[in-house]
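Everything below concerns the one structure shown next.
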Amino acid sequence: MKDEKSKITAVAIEKMIDFYQGNLRDIEHFLKVWAYAKTIGEQESVDENTQGILELAAVVHDISCPLCREKYGNTNGKNQELESEPLVKEFLEGMPVSEQKVERIIWLVTHHHTYTNIDGIDYQILIEADFLVNASESNFSKVSIENAKSSIFKTAAGCRLLESIFLREE
Ligand SMILES: [Fe+2]
């Protein structure tokens with residue numbers, strides 16, 4: 001029997017795909033971030049509760065992007081931090097996710113552009129997963145990737161992925 005966590009994540013993924021109304025860039029971005037977050041979380045053996053929080057946070061982390069584009073004309077981090085909370089609450093309403101988890105997911109989503117005071121393994125992994133995807137989508141330079149490796153990345157699995165994808169010996 002499939003475990004309950006995977007089922008909840010699958011329901012959230014399908015709902016999030018629908019939420020983005022055919023915007024392939026948004027859809028594929030979150031799917032990639034989720035895949036990296038799930039992989040790093042499992043490789044780092046985070047506990048099941050944290051893994052559940054991490055995966056749901058990865059699914060909804062950019063939920064405010066469509067609204068921010070319409071309201072502000074951009075998706076910069078500060079605007080996302082302002083707008084995400086009610087959207088995440090509404091999105092998770094009616095899903096079997098405890099209030100405590102919802103609170104943490106909201107906190108992660110509203111802070112995922114802030115690289116100071118990374119205060120938990122779920123937060124650390126979400127930032128690493130989002131960076132891996134953004135580095136590819138926005139063509140980050142080798143220097144900025146090397147900087148991220150020493151200043152942002154902390155988990156062994158995240159560092160391995162960063163090296164394997166972007167820092168291969170020629
Ligand atoms: Fe993102």
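Note that the structure is a prediction, hence the values are computed from the model and not measured.
- Within 6.0 Å of NZ on Lys5 lie more than 12 heavy atoms contributed by other residues, nucleotides or ligands.
- Using a 4.5 Å cut-off on side-chain heavy atoms (C-beta onward), Arg69 and Asn74 make no contact.
- Leu82 belongs to a hydrophobic cluster with Tyr72, counting contacts under 4.5 Å between side-chain heavy atoms of Ile, Leu, Val, Met, Phe, Trp and Tyr, direct or through other members.
- Between Lys38 and Gln51, some side-chain heavy-atom pair lies under the 4.5 Å cut-off.
- Atoms CG and CD1, on Leu126 and Ile105 in that order, are 10.5 Å from each other to the nearest 0.5 Å.
- A donor-acceptor contact shorter than 3.5 Å is absent between the side chain of Thr50 and the backbone of Val46.
- Residues Gly41 and Ile125 approach most closely at CA-CD1, 3.8 Å, considering heavy atoms.
- Taking the six-membered ring for Trp and the full ring otherwise, the centers of His111 and His61 sit at least 6.0 Å from each other.
- Contact annotation: the side chain of Asn79 never approaches that of Ser64 to less than 4.5 Å [non-hydrogen atoms, C-beta and beyond].
- Once rounded to the nearest 0.5 Å, the distance linking OG of Ser6 with CD of Glu55 reads 7.5 Å.
- Asn134 contributes a side-chain N or O that, together with a main-chain N or O of Asp130, makes up a donor-acceptor pair within less than 3.5 Å.
- Within the 4.5 Å cutoff, the side chain of Pro66 has heavy atoms near those of the Asp26 side chain.
- Between Lys101 and Asp122 there is no salt bridge, since none of the side-chain N atoms of the basic residue sits less than 4.0 Å from a carboxylate O of the acidic one.
- With a 4.5 Å cut-off on side-chain heavy atoms, His29 and Trp34 do not count as touching.
- Taking 4.0 Å as the cut-off between side-chain N and carboxylate O, Glu93 and Lys89 do not count as a salt-bridged pair.
- Lys154 and Glu128 get closest at one heavy-atom pair: N-OE2, 2.7 Å.
- Counting only heavy atoms from C-beta outward, the side chains of Phe30 and Ile17 approach each other to under 4.5 Å.
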**Request:** Starting from the C-alpha separation in whole Å, work towards a yes-or-no answer on side-chain hydrogen bond (donor to acceptor under 3.5 Å, both in side chains) for Thr155 and Gln124.
**Result:** CA-CA 8 Å; Thr155 73; Gln124 178 64 39; over 6 Å; no
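- In this structure, CD in Glu85 is found 4.5 Å from CD1 in Ile106, a value given to the nearest 0.5 Å.
- Remark: Ile53 CD1 to Glu103 CD distance equals 11.0 Å, nearest 0.5 Å.
- The two residues Met95 and Ala12 have their closest heavy-atom pair at CE-CB, 3.8 Å.
- A cation-pi arrangement is present between Lys15 and Phe91 under the rule of less than 6.0 angstrom and at most 45 degrees off the ring axis.
- Glu48 pairs by the salt bridge (Lys or Arg N to Asp or Glu O under 4.0 Å) definition with nothing, not counting sequence neighbours.
- For Asp62 against Gln80, the heavy-atom pair with the smallest separation is OD1-OE1, 3.2 Å.
- Looking at Ser138, its side chain never comes within 3.5 Å of a backbone N or O of Ala135 through a donor-acceptor pair.
- Among residues two or more places apart in sequence or in another chain, the salt bridge (Lys or Arg N to Asp or Glu O under 4.0 Å) test is passed with Lys32 by Glu137.
- Taking the six-membered ring for Trp, Phe166 and Phe140 have ring centres at least 6.0 Å apart.
- Of all heavy-atom pairs between Ile127 and His112, the closest is CD1-O, 3.6 Å.
- Under the rule for a salt bridge (Lys or Arg N to Asp or Glu O under 4.0 Å), Asp18 has no partner lying at least two apart in sequence or in another chain.
- Side chains of Tyr123 and Leu54 form no contact here, defined as non-hydrogen atoms less than 4.5 Å apart.
- For the pair Phe131 and Ile145, the minimum side-chain heavy-atom distance is below 4.5 Å.
- By the side-chain hydrogen bond (donor to acceptor under 3.5 Å, both in side chains) test, Ser141 is found to be paired with Ser144, residues two or more places apart in sequence or in another chain being considered.
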Let me have the donor-acceptor pairs involving side chains of residues 157-165, under 3.5 Å, with sequence neighbours excluded, atom names and distances please.
from: Glu163; atom 1: OE2; to: Lys149; atom 2: NZ; distance (Å): 2.6

